[in-house]
Amino acid sequence: MIETKNKLKELGKKLRDRGAEHQEVLRAQLIGRMQDQEVRTSYSVLKPLVFSGASIFAVIALVIFTQLDDERVVAYAPASVVSEDEFFAGEGTVTSDSYYPYVTGYAPSQNSDDNDIVDYEQEHGSMLETSVTINLLTREEDPLGTTESLFTSFGGHISSIYDYGMGQPTTITGFVPADSYFLFREQLRDLVKSDRFMMESINAQDLIPSAISIDEYIEDVKTQIEKTTNQTKKDQLETQLENLQESRESLDSRVEYVTVGITIEESSGVWGAGDQYELERAMYGFNDPGFLDQACLNVVIVIFWFVQALSVAFWILIPIGIWLLVRRKNRRALRVLD
Amino acid sequence: MRKRFLDLYDEYHPKLYAYVLVRVRQKQEAEDIVQQTFTKALDKIDDFKPRRGATFGSWLFQIAKNELVDRVRKDSKLTFCETEVLDEKTADGSILNDLIDQESWREVICQIEKLNELEREVITLKYLADMSYNDIAKITEKKPNTLAVILKRALEKIREEINV
């Protein structure tokens with residue numbers, strides 16, 4: 001077979017060489033038309049791939065951006081009863097001045113039972129979202145169990161809520177009386193400790209810094225007075241204390257309320273599934289899902305991504321693999337005949 | 001990638017010439033067809049758009065095939081093997097008479113002519129015109145796997161007849 005091929009190749013060469021003379025003659029005839037002419041000889045695979053990839057990326061980006069929640073700023077009116085919904089808890093009726101559908105589209109429905117704890121259930125629309133049970137404890141049981149209650153119990157109120165969605169921090173801004181500020185802060189930290197999804201950073205705005213520092217200073221001086229045994233020093237400290245207290249009193253007349261901004265951030269949500277719940281948790285408290293619920297959610301998420309991976313494999317990887325195999329087979333077959 | 005037409009001309013002229021020559025067996029006619037092919041290629045160059053698998057060579061040979069369809073004498077049933085090739089007085093201008101000064105070459109060409117149309121086409125394109133498999137696949141509209149089978153069969157037939 002090899003000899004046959006070689007013979008044919010040799011014959012072909014002879015025939016091709018025979019055309020040399022005509023090649024020159026024809027070249028001379030057509031040179032005027034040929035010399036400036038260029039021809040695109042190859043097909044760029046990269047360009048269609050780049051355009052396809054860019055199109056897909058643009059679509060994905062568009063989907064993501066349209067899913068981003070708009071900034072939701074809700075003017076909070078604690079004094080007004082926006083909804084007449086009432087919920088029953090135990091023996092008493094608890095109405096919340098601040099019950100307000102602050103997040104559009106998340107209007108909760110409520111159930112009530114004879115238990116002390118009133119449950120709110122919210123259903124969200126994707127397979128990753130599960131129904132969330134939100135507990136609102138009665139005032140009798142835990143008046144400081146929620147951020148909202150925390151403000152009101154100290155004579156303050158919430159003024160605004162910023163919820164950007166998509167896992168971004170939620171900021172609650174409110175007012176508390178200046179003289180209640182430190183206790184308020186302690187209680188808030190206790191509340192945050194009990195919720196593993198919640199973190200806080202208190203940014204006391206518009207607070208005259210000296211008020212805070214004076215209070216701390218006053219406490220510090222009082223402690224020193226108690227500890228010192230040196231009478232001379234004690235006298236000096238008491239004089240200092242009087243001065244500080246005078247200063248503090250003068251500040252009191254000017255500072256009535258402290259503006260407090262609380263940032264609620266999701267600390268360790270599972271695959272980001274907890275981000276849409278932090279606001280409700282911040283307002284009404286949160287009943288952490290148990291280990292079993294969390295495990296079930298994890299399983300659902302894993303299955304979801306597994307299905308996605310299968311889809312990619314089926315629609316993209318398998319066709320590419322088949323194409324490569326066929327191409328390799330063809331090349332091998334033809335190489336034998338060269 | 002872009003190439004100068006002149007370079008493509010120099011690359012494909014010998015191949016086209018050999019292909020057409022074997023098909024028409026007449027020097028003058030072969031030269032006319034080759035000239036016509038390149039002239040038409042220049043006229044239609046703006047229409048040529050390389051797609052995956054399509055090359056300038058396959059496009060050029062498609063033009064040549066169309067020319068051959070018009071030119072080949074359909075009433076001519078004589079093959080090369082049947083003509084008196086060694087007699088100068090026959091003088092039909094056949095280049096093959098001039099070329100084939102050895103019995104072995106004549107025998108090879110005879111066997112090529114005895115193949116069926118597709119086998120003859122593939123053998124001619126591959127070994128006489130020295131075209132790539134990609135171009136041959138495009139010209140014959142056959143898959144590479146099929147080409148492999150056709151080539152192998154054709155080579156075996158030729159080998160059996162000429163014992164090479």
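Given the structure is predicted, the values throughout are model-derived calculations rather than measurements. The chains referred to below are lettered A, B, ... by the order of the sequence lines, with proteins before strands, and numbering in each begins at 1.
When the salt bridge (charged side-chain N to carboxylate O under 4.0 Å, His left out) test is applied to B:Asp32, no partner is found at least two apart in sequence or on another chain. Evaluation of the salt bridge (charged side-chain N to carboxylate O under 4.0 Å, His left out) rule for A:Lys13 yields A:Asp17 as partners, not counting sequence neighbours. Partners of B:Lys3 under the side-chain hydrogen bond (donor to acceptor under 3.5 Å, both in side chains) rule, at least two apart in sequence or in another chain, do not exist in this structure.
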side-chain contact (heavy atoms from CB on, under 4.5 Å) between B:Leu6 and A:Ile31, intermediate numbers included: CA-CA 8 Å; B:Leu6 262 178; A:Ile31 188 69; 3.7 Å; yes
Audit row: A:Leu26, B:Glu31, side-chain contact (heavy atoms from CB on, under 4.5 Å) steps and yes/no: CA-CA 9 Å; A:Leu26 185 57; B:Glu31 289 174 355; over 6 Å; no
side-chain contact (heavy atoms from CB on, under 4.5 Å) assessment of A:Gln23 paired with B:Tyr9: CA-CA 9 Å; A:Gln23 185 173 348; B:Tyr9 170 81; 3.8 Å; yes
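Residues of residues 34-41 of chain B having a heavy atom under 4.5 Å from any heavy atom of chain A, listed by number: B:Val34, B:Gln35, B:Phe38, B:Thr39.
For B:Asp7, no part lies near chain A; criterion is any non-hydrogen pair under 4.5 Å. Contact of B:Leu8 with chain A is made through the side chain alone, with heavy-atom distances under 4.5 Å. Interface residue B:Leu42: backbone and side-chain heavy atoms are both found under 4.5 Å from chain A. With a 4.5 Å cut-off on non-hydrogen atoms, B:Ala30 does not touch chain A at all. Heavy-atom distances place no part of A:Arg327 under 4.5 Å from chain B, backbone and side chain included. For B:Leu16, no part sits under 4.5 Å from any heavy atom of chain A, backbone or side chain.
The CD1 atom of B:Ile158 sits 5.0 Å away from atom CG of A:Leu8, with the distance rounded to the nearest 0.5 Å. Atom NZ of residue B:Lys27 and atom CD of residue A:Glu21 lie 5.5 Å apart, to the nearest 0.5 angstrom. Within the model, atoms NE2 of B:His13 and CD of A:Glu24 stand 9.0 Å from one another, a figure rounded to the nearest 0.5 Å. Rounded to the nearest 0.5 angstrom, A:Gln37 CD and B:Arg2 CZ are separated by 8.5 Å. The CD1 atom of B:Ile109 sits 6.0 Å away from atom CG of A:Leu15, with the distance rounded to the nearest 0.5 Å. Atom CD of A:Glu3 is separated from atom CG of B:Leu155 by 12.5 Å, given to the nearest 0.5 angstrom.
When all heavy atoms of B:Leu128 and A:Arg16 are compared, the pair lying nearest together is O-NH1, 2.7 Å.
At least one side-chain heavy atom of B:Tyr17 sits less than 4.5 Å from a side-chain heavy atom of A:His22. Using a 4.5 Å cut-off on side-chain heavy atoms (C-beta onward), B:Asn145 and A:Val326 make no contact. Counting only heavy atoms from C-beta outward, the side chains of A:Thr4 and B:Glu160 never approach each other to under 4.5 Å.
Across A:Arg27, A:Glu38, A:Gln29, the residue that shares the most heavy-atom pairs under 4.5 angstrom with chain B is A:Arg27.
Residue B:Lys142 qualifies as open at atom NZ: its count of foreign heavy atoms under 6.0 Å is 12 or below. Shown here is B:Glu117, whose CD atom has more than 12 heavy atoms of other residues, nucleotides or ligands within 6.0 Å.
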